[in-house]
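Contents: one structure, followed by commentary.
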Amino acid sequence: MIPMAYLVSEGSGGNSKRFPLDKEVMAVGRHPDCHIVIEDSSVSRFHSQISFDGNDYFLEDLDSRNGTYLNDSRLHQQVVLRDGDRVRVCDFSFVFRDPRSEVLTTPRGLTGVRRDSVAGVADATMIGNNLVVWDEAPAEDEGSTIMSHMELGNALDSHRSTKVDPTLKLNALMEITRSLSGAISLDKVGPSVLDCLLRLFANADRGFIVLREEKNFRVIAAKTRTGVSEQQMRCSRTVFEHVMQTKQAILSADTAADSRFDSSASIVDIEIRSMMCAPLLNAEGHAIGMLQLDSIRKSIAFREEDLELLLIVAMQAANAIEKVHLLQMELSQQQLLHDLKVANEVQKAILPQKRPELPGYLFYDFYRSANQVGGDYYDYIPLADGRWAITVADVAGHGVASAMLMAKFSTEIRYALADHAQLSDVGRQLNHAIFNWHLDRYITMILCVLDASTGEVRLINAGHPPATITRRGQSPELQDVTRNGFPIGMVDEAHYQEMVFQLAPGDSIVMYTDGLTEQVNLADDCYGSARVLREITRYAEKGVEAIGKGVIADLRIHSERVPQADDLCLVCFGRTTTKLA
């Protein structure tokens, strides 16, 4: 019988739940009919699915609102799952486990190459400048010289029989505490720990500390008794994974005679004779890394009391490393928040500071980014011939990258309007410029040019939600969507057809980005264009400001208690009932 793969939820406090993948297709989402139900409003009703073709398991996103992530990369197509892969749906994480895997594999995104399944073959991966991690084929347990496995709880148990002098334990704790006092960076914590260990263990010749980060291994210190190692030190991935998974320290008296390391070039090649490894456990009990000491002298071997003492030191070291790591994260977060605040101020300066003051016309605009900076854009641009350009645009995605592209686009659109009188030519120039930046991003846009003396409006649409045109005493109508062009930057050659409207007194035009129509409520229902038309109709006779404020007020009612998911921009302009001079 073929073993069944499964997902394991990564719960807090060590709590987890197993979900067997026992059907050909299994849906993940908020809807009760899903096979794996996640009751959270941020999760789409049918968010993603896992399918099995008899050989491989496939993960696929079902056009969810917030996306499905594999090893922290957002999915854009169906992918094959491998044992150890991490699947994230909003704030809910799972690990994919496939019992058919005969060898321990490394999740995608982790530095390193998958091991060859042939025994005795090892692949090496450089970490930092002086540490190499080797992937070995598994060896049998016969002939093992691993003398001891030990858990942290056993080392701290005051009722347990111990070979370590209590005074030595206390001195070791005082020594490591003194060494780590005042350390505020990992670059200082790691070397301080190793300096302390090499003083405590006279039989150790070298040591290193490796942390596991989400997408990589990170060596924070590697030293020999003579100082920082000038030669490459080697770490066995087999040993590392064993210590990380079991959360146990291990001691080997003679690695050269140990069948577990027969295929381990990382152990045998440099003639390591005795070795101790201890996990670094954080406050929640999760293994965040490993500390290893080894000796190459045949006459000197580590003993069980050494391992017990190492575990105690590793506890203090892990505590210091975690505190420093959290401090660095806090400092980085503060710097990021400061940078985002500055970026927000820059973006506000790019957007219009005031609305045009044209006799017989009124303007209204509303802008709110989903984050501190956004990718939506609007502008009022006076032209040399006295006309005004009014534009609304939306860079695909939101956040810093989209905001940077928006800032560049705001300059490009002014250049294009200065170079060309025809909007179709303006659209082509913008498309050519953005496409040739090769950013793999595009921009949807509506661009209008208003002749205030006649009420004529010329308009092009580049893949944007259609504008709504209101005629006095008539129902609002959508701009002809069949005349839309491609979004700016999507294809190399794009053509934009210019449309012409005449605004009579009381007429207006409403433009907005899709962040408005796609904003959901607690039931996961989108606001939608039909509801926008309803609100425009309700306030059409009261003018553009009433229309704009009415739509935004109704949107707030619709999306009450639901976070804004995308940037939001709305612009209205129109003629008053006063005759033009």
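- Here the CZ atom belonging to R387 is positioned 10.5 Å from the CD1 atom belonging to I390, to the nearest 0.5 angstrom.
- Between Q479 and N484 the shortest side-chain heavy-atom distance falls below 4.5 Å.
- Ion pairing between a basic and an acidic side chain is recognised when a charged N comes within 4.0 Å of a carboxylate O; R538 and E535 show such pairing.
- Side chain of D53 to backbone of N55: a donor-acceptor contact under 3.5 angstrom is found.
- Residues R88 and D72 meet the side-chain proximity criterion, which asks for heavy atoms closer than 4.5 Å.
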Q: May I have the step-by-step check of side-chain hydrogen bond (donor to acceptor under 3.5 Å, both in side chains) for S508 and T470, ending in yes or no?
A: CA-CA 5 Å; S508 60; T470 63; 2.4 Å; yes
For residues 491-498, run the donor-acceptor check on the side chains, cut-off 3.5 Å, and write out each pair with its distance to 0.1 Å, sequence neighbours left out.
from, atom 1, to, atom 2, distance (Å)
Y496, OH, F486, O, 3.0
E498, OE1, L423, N, 3.0
E498, OE2, R458, NH1, 2.6

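- Between the Q519 side chain and the L555 main chain, no donor and acceptor come within less than 3.5 Å of each other.
- Note that NE2 of H47 and CG of D61 are 5.5 Å apart. Values are rounded to the nearest 0.5 Å.
- Counting non-hydrogen atoms of other residues, nucleotides and ligands closer than 6.0 Å to CD of E24 gives a total of 12 or fewer.
- Inter-residue side-chain proximity for V87 and L81 is flagged as met; some heavy-atom pair is nearer than 4.5 Å.
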**Q.** Worked check of side-chain contact (heavy atoms from CB on, under 4.5 Å) between F501 and I469
**A.** CA-CA 9 Å; F501 305 93; I469 303 160; 3.1 Å; yes
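- With 3.5 Å as the limit, one finds a donor-acceptor pair spanning the side chains of S402 and R441.
- For the pair Y512 and V551, the minimum side-chain heavy-atom distance is 4.5 Å or more.
- Counting non-hydrogen atoms of neighbouring residues, nucleotides and ligands closer than 6.0 angstrom, the CE atom of M404 reaches no more than 12 such neighbours.
- For S51, the side-chain contact (heavy atoms from CB on, under 4.5 Å) partners are V25, F58, Q78, not counting sequence neighbours.
- D40 has its side chain out of reach of D91: every pair of non-hydrogen atoms, C-beta onward, lies at least 4.5 Å apart.
- Counting heavy-atom neighbours within 6.0 Å of H432 NE2, excluding the residue itself, gives a total of 12 or less.
- For the side-chain contact (heavy atoms from CB on, under 4.5 Å) test, residues two or more places apart in sequence or in another chain that qualify with S424 are Q422, R428.
- Atom CD1 of I350 and atom OG of S410 lie 5.0 Å apart (nearest 0.5 Å).
- The distance from the CE atom of M511 to the CG atom of N461 is 10.5 Å, given to the nearest 0.5 Å.
- Under the 4.5 Å side-chain criterion, counting only non-hydrogen atoms from C-beta, F573 is in contact with I509.
- Counting only residues at least two apart or on different chains, the ring-ring contact (aromatic ring centres under 6.0 Å, His included) pairs with a member in residues 536-566 are Y527-H558.
- Expressed to the nearest 0.5 Å, how far CG of L430 lies from CD1 of I460 amounts to 7.5 Å.
- With sequence neighbours excluded, the residues satisfying side chain to side chain donor-acceptor pair (under 3.5 Å) with E545 are K549.
- Side chain of D567 to backbone of A370: a donor-acceptor contact under 3.5 angstrom is found.
- Taking Q334 as the reference, E330, L331 meet the side-chain contact (heavy atoms from CB on, under 4.5 Å) condition, with sequence neighbours excluded.
- Taking every heavy atom of both residues into account, C90 and S42 meet most closely at SG-O, 3.1 Å.
- At least one side-chain heavy atom of L417 sits less than 4.5 Å from a side-chain heavy atom of L447.
- Here the side chain of D451 pairs no donor or acceptor atom with the backbone of E456 at under 3.5 angstrom.
- Applying the ring-ring contact (aromatic ring centres under 6.0 Å, His included) test to residues at least two apart or on different chains, the pairs with a partner in residues 69-100 are F19-F94, Y57-F96.
- Closest of all the heavy-atom pairs between P465 and I446 is O-CD1, 3.3 Å.
- Atom CD1 of I434 and atom CD of Q429 lie 10.5 Å apart (nearest 0.5 Å).
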Q) R472 and R575: side-chain contact (heavy atoms from CB on, under 4.5 Å), yes or no, with the steps? A) CA-CA 10 Å; R472 189 178 183 187; R575 288 181 66 171; over 6 Å; no
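- Applying the ring-ring contact (aromatic ring centres under 6.0 Å, His included) test to residues at least two apart or on different chains, none of the pairs has a partner in residues 442-481.
- Residue-environment remark: CD (Q353) exceeds the threshold of 12 foreign heavy atoms within 6.0 Å.
- The closest donor-acceptor contact from the side chain of D56 to the backbone of V80 lies at 3.5 Å or more, if one exists at all.
- Scored by the side-chain contact (heavy atoms from CB on, under 4.5 Å) test, V28 finds I36, I38, S48, V89 as partners (sequence neighbours excluded).
- Ion pairing between R97 and D83 holds under the 4.0 Å rule for side-chain N and carboxylate O.
- The salt bridge (charged side-chain N to carboxylate O under 4.0 Å, His left out) contacts involving residues 515-533 comprise R30-D524, R45-D524, R65-D524, R531-D554, where partners must be two or more places apart or lie in separate chains.
- The backbone N or O of T454 lies less than 3.5 Å from a partner atom in the side chain of Q502, making a donor-acceptor pair.
- Side-chain contact between L450 and L358 is present, with at least one heavy-atom pair separated by less than 4.5 Å.
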Can you give me every donor-acceptor pair (side chain of residues 374-384, partner residue at least two apart or in another chain, under 3.5 Å) with its distance?
from, atom 1, to, atom 2, distance (Å)
D376, OD2, T513, OG1, 2.7
D376, OD2, L568, N, 3.2
Y377, OH, D379, OD2, 2.9
Y378, OH, D365, OD1, 3.2
D379, OD2, R414, NH2, 3.1
Y380, OH, D365, OD2, 2.6

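- For residues 499-512, the salt bridge (charged side-chain N to carboxylate O under 4.0 Å, His left out) pairs, not counting sequence neighbours, are R471-D507.
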